[in-house]
Amino acid sequence: MIEILPIFTNSPLRNFTYLVYSNRSGEAYAIDPFDAKSILTHSKQLGVKIRGILNTHEHGDHTQGNLELKEETKAIVYGHSNAKDKIPGIDQMLKEGDIAFSVEQESLVVWDTPGHTFSHLSFVHRNPKTILGIFSGDTLFNVGVGNCFRGGDPNALYETIQSRFETLPDSCLLYPGHDYWENNLKFAEHVDPKNGFREEYKSTLGPFQVSEMGAEKKLNPFFRRKTSSVGNRLRELKEPISDDRSVFLTLRRMRDNW
Ligand SMILES: [Fe+2]
């Protein structure tokens with residue numbers, strides 16, 4: 001099976017790198033390397049060899065460890081073809097449906113998930129029966145979604161969230177590119193004040209909690225567009241909302257200025 005180690009870097013950006021690996025073959029892949037030295041330390045402790053670097057997208061805080069890690073391990077660097085001129089050390093392009101890594105019955109399948117940028121991939125951890133987890137980069141966070149300031153578009157993000165992330169099974173684990181729990185929960189309180197589940201969930205929250213999509217669907221205001229808690233609150237704030245998309249776009253704009 002595919003094992004997963006989250007590596008948190010204590011920078012203001014609160015980045016996560018993930019090491020995905022197989023104990024049996026000793027092979028590993030680093031998703032979005034931030035601090036190469038700490039990734040190397042962890043891979044040595046695990047006794048695995050890093051064969052590849054998987055970049056969800058081109059932003060520097062997701063690729064800054066590429067060159068040092070490549071130099072040290074000779075790993076192959078993978079990313080979206082639209083970002084081939086922006087990802088340091090890129091060797092190979094990935095596209096929708098590619099298999100980035102597989103171990104026995106499990107694999108990491110590539111999804112093309114535009115919105116945060118137009119060169120954004122997500123990596124879906126699955127077995128033949130179901131989706132076990134998703135590495136969402138800066139597309140979906142705990143209780144929030146990515147911004148669209150640097151090369152993205154909120155309409156494309158809406159399509160991606162609505163057509164792909166909302167279809168994930170409730171048991172699917174979410175592995176985002178940053179730990180934004182705290183700020184996103186505060187924003188959720190602001191726009192979704194009558195969500196009792198959130199208050200209940202907060203009391204069980206541990207540090208760097210890995211959540212399931214089932215909980216996210218009940219926590220994340222960007223998933224709760226059709227609830228009266230969100231709708232009434234936006235009307236109370238005199239936000240112009242009409243259809244489902246407009247609620248998403250309004251929430252994204254409010255989060256940008258919050
Ligand atoms: Fe980003």
Side-chain angles (χ1 to χ4, degrees), residues 6-20 29-36 38-39 52-70 77-90 93-96 100 108 110-124 133-162 164-165 174-184 187 208 210-211 216 220-222 248-249 251-258:
I7 301 171
F8 177 68
T9 306
N10 199 10
S11 77
L13 294 167
R14 306 188 64 78
N15 278 80
F16 270 117
T17 294
Y18 296 94
L19 263 185
V20 294
Y29 283 73
I31 299 179
D32 287 352
F34 188 85
D35 176 1
S38 120
I39 298 163
I53 293 166
L54 304 173
N55 294 125
T56 58
H57 65 294
E58 70 277 27
H59 288 158
D61 56 321
H62 295 255
T63 60
Q64 71 177 43
N66 278 14
L67 293 180
E68 188 179 345
L69 203 54
K70 183 177 179 178
V77 179
Y78 299 88
H80 196 291
S81 56
N82 290 352
K84 64 179 188 295
D85 300 324
K86 296 178 186 159
I87 293 180
I90 192 165
M93 317 299 155
L94 290 171
K95 61 179 190 315
E96 172 76 28
L108 278 192
V110 176
W111 277 10
D112 195 344
T113 50
H116 175 66
T117 72
F118 283 92
S119 31
H120 195 298
L121 304 170
S122 295
F123 301 104
V124 174
I134 186 159
F135 298 88
S136 58
D138 285 358
T139 299
L140 180 67
F141 297 119
N142 304 107
V143 205
V145 298
N147 66 46
C148 304
F149 294 142
R150 292 188 294 150
D153 173 65
N155 273 289
L157 187 63
Y158 168 73
E159 304 284 345
T160 292
I161 293 293
Q162 184 251 351
R164 311 229 54 181
F165 284 87
L174 176 62
Y175 301 103
H178 301 264
D179 169 36
Y180 288 161
W181 273 107
E182 201 181 333
N183 280 348
N184 284 347
F187 179 70
F208 310 119
V210 177
S211 63
E216 289 296 337
N220 190 331
F222 290 88
F248 184 95
L249 297 177
L251 289 170
R252 185 57 265 170
R253 179 179 45 73
M254 289 171 75
R255 183 68 176 84
D256 290 345
N257 303 315
W258 186 69

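Position 1 is the first residue of the sequence, and the numbers go up from there. In each ligand, atom 1 is the first atom listed, and ligand 1 is the first ligand listed.
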Between R14 and E182 (salt bridge meaning N to carboxylate O under 4.0 Å), is one present in this structure?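 Here R14 does not pair with E182 in a salt bridge, since their nearest N and O are not under 4.0 Å apart.
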
Closest approach of Y78 to G52 (non-hydrogen atoms, all atoms of both residues):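 What the structure gives for the nearest pair is CE1-CA, 4.2 Å.
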
Determine the minimum heavy-atom distance between H120 and D112, stating which atoms define it.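 For H120 versus D112, the nearest heavy atoms are O-OD1, 3.5 Å.
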
Could you check which N/O/S atom of H116 is closest to the Fe ion (ligand 1)?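 Within H116, restricted to N, O or S, the Fe ion (ligand 1) is closest to atom NE2.
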
Could you check which N/O/S atom of H59 is closest to the Fe ion (ligand 1)?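 In H59, the N, O or S atom with the shortest distance to the Fe ion (ligand 1) is ND1.
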
Using the six-membered ring wherever Trp is involved, compare the ring planes of F222 and F248 and label them parallel, tilted or perpendicular (cut-offs 30° and 60°).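 Rings of F222 and F248: perpendicular, as their planes differ by over 60°.
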
Suppose we only count N/O/S atoms under 2.8 Å; would D138 qualify as near the Fe ion (ligand 1)?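 An N, O or S atom of D138 is closer than 2.8 Å to the Fe ion (ligand 1), so yes.
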
